[in-house]
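A short worksheet on the structure shown next.
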Amino acid sequence: MTSLYSSIHPADSVNLSTRTHGAVFNLEYSPDGSVLTVACEQTEVLLFDPVSSKHIKTLSEAHEDCVNNIRFLDNRMFATCSDDTTIALWDLRKLNSKVCTLHGHTSWVKNIEYDTNTRLLVTSGFDGNVIIWDTNRCTEDGCPHKKFFHTRFLMRMRLTPDCSKMLISTSSGYLLILHELDLTKSLEVGSYPILRARRTASTSDMTSTSSDTRPSSSPCHNSDLGPLFEKHMSRSSQREGASPRNSLEVLTPEVPGERDRGNCITSLQLHPKGWATLLRCSSNTDDQEWTCVYEFQEGAPVRQVSPRCSLRLTHYIEEANVGRGYIKELCFSPDGRMIASPYAYGIRLLGFDSQCKELVDCLPKKAGTLQVIRSLYSHKDVVLTTKFSPTHCQIASGCLSGRVSLYQPKF
């Protein structure tokens with residue numbers, strides 16, 4: 001594996017038919033690896049053949065504002081979301097028009113998740129809402145939907161691969177985890193228990209924000225999470241045994257270098273086997289940026305009195321902190337051995353050790369540094385997003401000036 005990943009070089013830049021699309025905010029491969037989609041700043045979605053690097057289609061007016069995220073539901077259906085507050089469903093077999101447009105958010109929609117078992121689409125936005133859409137009953141007018149969860153300063157939301165947990169990151173430094181997830185229930189205030197609420201000793205002074213991307217100098221309090229936290233922490237009963245459905249854990253993850261300052265969790269990803277979560281964090285003064293890996297610690301006792309964090313920092317590395325104010329989207333490889341992380345005008349391939357071992361085979365007793373396996377540079381502007389192909393040994397990256405580059409092994 002070390003030889004394979006070390007042999008990756010810049011291969012091609014995809015042949016763009018237009019230079020009007022602006023920055024590249026997100027990349028997504030279809031599950032079979034046959035299509036690479038590109039979410040662009042200027043309302044466009046681009047589609048490419050990642051093998052030949054040839055342009056397939058440009059959806060020139062996919063939305064009325066920035067396209068932020070793309071998620072495939074299967075090999076032909078995909079969803080896009082935008083700062084225009086909408087989500088659009090598309091069919092690769094009929095790209096001349098949308099399948100439908102989904103309305104429900106009141107601010108920028110930032111990411112999309114999908115539960116393949118229930119066929120429920122899950123979206124989150126800067127309005128603080130997580131909304132569930134029932135694609136089983138989709139028509140040309142949209143899908144039935146309901147508000148599932150709300151919290152202030154929401155940045156990103158992810159589902160674990162088995163959909164047993166939902167993780168939500170915030171710009172005020174909190175990480176929320178919903179355990180024993182049941183997407184069929186709306187979580188109104190008082191309808192779910194607070195399992196644990198814990199601040200690690202190294203992150204005791206967190207900060208809140210009224211901005212979308214960067215914290216302010218105001219102290220962070222429980223009220224940053226909204227009424228749900230204030231009203232029900234005192235009412236949480238002391239339970240033993242299995243976690244109740246949709247129980248909420250509130251964490252402030254330990255971040256190296258942030259012992260006396262707050263941080264903003266800008267990017268959030270999950271290990272493909274559900275073993276860990278991957279965070280990109282920036283300091284509230286925006287002068288430091290870190291990539292951190294946290295292991296899920298299963299079997300932690302469910303006790304409100306003496307809570308134990310269900311996440312443990314295992315690996316970290318400081319980033320270049322170039323392109324301040326922009327969110328950099330990093331990712332795991334399909335096998336979970338590698339991390340592709342934007343780094344200034346290129347990307348770095350990071351391993352848990354120098355031999356590219358599985359995470360479970362090299363868990364340190366104390367948090368250790370991620371190992372740089374390969375550094376790749378092919379852009380002339382700040383890289384904002386990376387993505388591994390699910391089927392080929394290929395990586396794609398996109399930058400602020402709109403270039404998309406591909407990387408493959410070269411022996």
Side-chain angles (χ1 to χ4, degrees), residues 5-6 8-16 18-29 36-42 44-46 48 50 53 66-70 110-111 155-156 169 213-214 264-269 278-283 286-293 316-334 338-351 370-389 392-410:
Y5 286 120
S6 298
I8 291 180
H9 288 72
D12 295 300
S13 294
V14 293
N15 300 312
L16 303 177
T18 173
R19 290 291 180 181
T20 63
H21 57 271
V24 173
F25 286 157
N26 184 243
L27 298 161
E28 184 73 7
Y29 286 87
L36 172 63
T37 55
V38 183
C40 302
E41 177 185 14
Q42 301 295 336
E44 295 183 351
V45 173
L46 310 178
F48 297 92
S53 304
C66 302
V67 184
N68 296 315
N69 191 237
I70 302 173
K110 288 300 182 180
N111 78 286
M155 290 294 292
R156 292 291 185 269
S169 66
T213 57
R214 82 179 60 197
C264 173
I265 305 173
T266 57
S267 184
L268 167 66
Q269 299 292 339
L278 175 64
L279 303 183
R280 185 79 169 243
C281 305
S282 60
S283 64
D286 222 14
D287 61 347
Q288 282 186 309
E289 199 169 21
W290 297 84
T291 289
C292 301
V293 179
Y316 61 89
I317 194 168
E318 189 168 3
E319 298 289 1
N321 196 31
V322 175
R324 297 181 183 181
Y326 286 96
I327 294 173
K328 288 89 174 183
E329 299 286 3
L330 62 179
C331 65
F332 279 107
S333 61
M338 298 292 297
I339 296 165
S341 180
Y343 188 78
Y345 292 0
I347 66 172
R348 292 195 296 187
L349 301 184
L350 307 173
L370 288 164
Q371 301 298 305
V372 180
I373 305 301
R374 190 98 172 110
S375 297
L376 301 163
Y377 297 94
S378 64
H379 292 274
K380 296 181 180 180
D381 210 334
V382 178
V383 175
L384 301 181
T385 182
T386 61
K387 196 70 177 181
F388 278 91
S389 166
H392 300 81
C393 192
Q394 184 184 74
I395 309 167
S397 64
C399 74
L400 189 57
S401 61
R403 178 187 174 98
V404 177
S405 294
L406 302 176
Y407 311 84
Q408 296 176 167
K410 184 178 180 182

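Throughout, numbering of the chain's residues begins at 1 and tracks the sequence.
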Please report the closest heavy-atom contact between [X] and [Y], naming both atoms and the distance.
{"X": "Y29", "Y": "F388", "result": "CD1-O, 3.5 Å"}
{"X": "E319", "Y": "W290", "result": "CG-C, 4.2 Å"}
{"X": "H21", "Y": "C40", "result": "O-CB, 3.3 Å"}
{"X": "A340", "Y": "I395", "result": "CB-CG2, 4.4 Å"}
{"X": "P50", "Y": "L406", "result": "O-CD1, 3.7 Å"}
{"X": "I265", "Y": "C281", "result": "CG1-SG, 4.1 Å"}

### Message
Run R374 and Y5 through side chain to side chain contact (heavy atoms under 4.5 Å, CB included) and show every step you take.
### Response
CA-CA 7 Å; R374 190 98 172 110; Y5 286 120; over 6 Å; no
So do the side chains of [X] and [Y] get within less than 4.5 Å of each other, counting heavy atoms only?
{"X": "N111", "Y": "M155", "value": "no"}
{"X": "L27", "Y": "T37", "value": "no"}
{"X": "R280", "Y": "S341", "value": "yes"}

Using 0.5 Å steps for rounding, measure from the [atom1] atom of [X] to the [atom2] atom of [Y].
{"X": "Q269", "Y": "E329", "atom1": "CD", "atom2": "CD", "answer": "6.0 Å"}
{"X": "L370", "Y": "C292", "atom1": "CG", "atom2": "SG", "answer": "8.5 Å"}
{"X": "L278", "Y": "S267", "atom1": "CG", "atom2": "OG", "answer": "7.0 Å"}
{"X": "Y326", "Y": "D381", "atom1": "OH", "atom2": "CG", "answer": "8.5 Å"}
{"X": "L350", "Y": "I373", "atom1": "CG", "atom2": "CD1", "answer": "8.0 Å"}
{"X": "L384", "Y": "I327", "atom1": "CG", "atom2": "CD1", "answer": "9.5 Å"}

### Query
Do H379 and S397 pass the side chain to side chain contact (heavy atoms under 4.5 Å, CB included) test, and can you show the C-alpha distance, the side-chain angles, and the key distance before you say yes or no?
CA-CA 9 Å; H379 292 274; S397 64; 2.7 Å; yes
### Task
Give the C-alpha distance, both sets of side-chain angles, the deciding distance and a yes or no for side chain to side chain contact (heavy atoms under 4.5 Å, CB included) between I339 and L330.
CA-CA 7 Å; I339 296 165; L330 62 179; 4.2 Å; yes
So, [X] versus [Y]: side-chain donor-acceptor pair below 3.5 Å or not?
{"X": "Y316", "Y": "T291", "answer": "no"}
{"X": "S282", "Y": "Q288", "answer": "no"}
{"X": "Y407", "Y": "S378", "answer": "yes"}
{"X": "N26", "Y": "N69", "answer": "yes"}

### Message
When you measure from the side chain of K328 to the backbone of T266, do you find a donor-acceptor pair of N or O atoms at a distance under 3.5 Å?
### Response
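Pair absent, no side-chain N/O of K328 close to backbone of T266.
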### Heavy-atom donor-acceptor pair, S389 side chain to Q394 backbone, under 3.5 Å
no
### Query
Can E289 and R324 be counted as an ion pair, charged N to O under 4.0 angstrom?
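The answer is no: the pair does not qualify as a salt bridge.
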#### Entry: Verdict with supporting geometry, F48 and V38, side chain to side chain contact (heavy atoms under 4.5 Å, CB included)
CA-CA 8 Å; F48 297 92; V38 183; 3.9 Å; yes
